[in-house]
Amino acid sequence: TQLLEQSPQFLSIQEGENLTVYCNSSSVFSSLQWYRQEPGEGPVLLVTVVTGGEVKKLKRLTFQFGDARKDSSLHITAAQPGDTGLYLCAGPNAGTYKYIFGTGTRLKVLA
Amino acid sequence: DSGVTQTPKHLITATGQRVTLRCSPRSGDLSVYWYQQSLDQGLQFLIQYYNGEERAKGNILERFSAQQFPDLHSELNLSSLELGDSALYFCASSGGSMRGEQFFGPGTRLTVL
């Protein structure tokens with residue numbers, strides 16, 4: 001089974017700071033998704049990356065898929081308190097129908 | 001609104017009891033996934049159905065079972081409940097594309113007393 005390790009596990013920053021969250025695997029993924037989950041609610045899909053080296057932007061969020069499709073990153077510029085939440089990377093497990101979620105990064109942005 | 005509905009939103013029951021959680025996927029989605037999330041934990045994959053058939057199994061306990069009906073809604077049955085089964089249970093649906101995007105329901109919060 002492929003694993004997705006995220007770092008850091010926890011992150012507490014001040015409003016206006018920049019941050020990067022990493023999602024790493026030793027295996028190749030055909031695609032990776034990023035989700036954000038707020039307490040007590042279901043994860044919400046933010047983006048899908050498919051092509052190695054692909055960069056996607058969603059307002060202040062920039063997502064990148066590694067060239068070898070084994071890793072991905074999420075960069076947030078000028079973080080705001082509304083960005084607070086649990087960020088999860090995820091992807092389909094090659095050769096099976098299982099869907100793998102990363103270990104999660106819990107972000108808190110202080111006003 | 002993801003288009004995935006789950007009922008009930010909250011459920012409080014006693015140890016040893018049995019409960020049924022219900023999920024309706026987004027219109028047109030054939031796949032339904034069930035996840036368990038304990039307090040401050042990640043998502044634990046339980047089981048996946050595709051068009052009525054079980055497709056993948058995760059760390060689902062023998063006391064738990066699920067099924068997907070012809071109208072594509074799904075039910076997760078939890079029996080002989082224990083205190084440790086208290087958690088958020090999420091259902092997600094997808095269209096079955098290789099990209100794998102999933103759309104989550106609002107969850108059912110189960111409390112076992």
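First the proteins, then the strands, lettered A, B, ... as listed; each starts at 1. For clarity, every value in this text was computed on a predicted model and none was experimentally measured.
Here the side chains of Gln37(B) and Phe101(A) are not in contact, with every heavy-atom distance at 4.5 Å or above.
Leu21(B) and Tyr33(B) fall into different hydrophobic clusters, defined by Ile, Leu, Val, Met, Phe, Trp and Tyr side-chain heavy atoms under 4.5 Å apart, directly or through other members. Both Leu43(B) and Val4(B) belong to a single network of hydrophobic side chains, linked directly or stepwise wherever heavy atoms of I, L, V, M, F, W or Y lie under 4.5 Å apart. By the rule that hydrophobic residues join a cluster once side-chain heavy atoms approach within less than 4.5 Å of another member, Leu72(B) and Leu76(B) end up as members of separate clusters. Residue Tyr22(A) is not grouped with residue Leu61(A) when hydrophobic side chains (ILVMFWY) are merged at heavy-atom distances under 4.5 angstrom, including chains of intermediate members. Taken together through direct or relayed side-chain contacts under 4.5 Å among Ile, Leu, Val, Met, Phe, Trp and Tyr, Val47(A) and Leu19(A) form part of one hydrophobic cluster.
Rounding to the nearest 0.5 Å places CZ of Phe104(B) at 5.5 Å from OH of Tyr35(A). Between atom CD of residue Glu101(B) and atom CG of residue Leu45(A) there is a gap of 6.0 Å, rounded to the nearest 0.5 Å.
If you measure heavy-atom distances from Gln102(B) to chain A, the contacts under 4.5 Å come from both the backbone and the side chain. Looking at Leu86(A), only its side chain comes within 4.5 Å of chain B, counting heavy atoms on both sides. Contact of Glu41(A) with chain B is made through the backbone alone, with heavy-atom distances under 4.5 Å.
Heavy atoms from other residues, nucleotides or ligands lying under 6.0 Å from CG of Asp71(B) number more than 12.
Here the shortest heavy-atom pairing between Leu88(B) and Gly40(A) reads CD1-CA, 4.0 Å.
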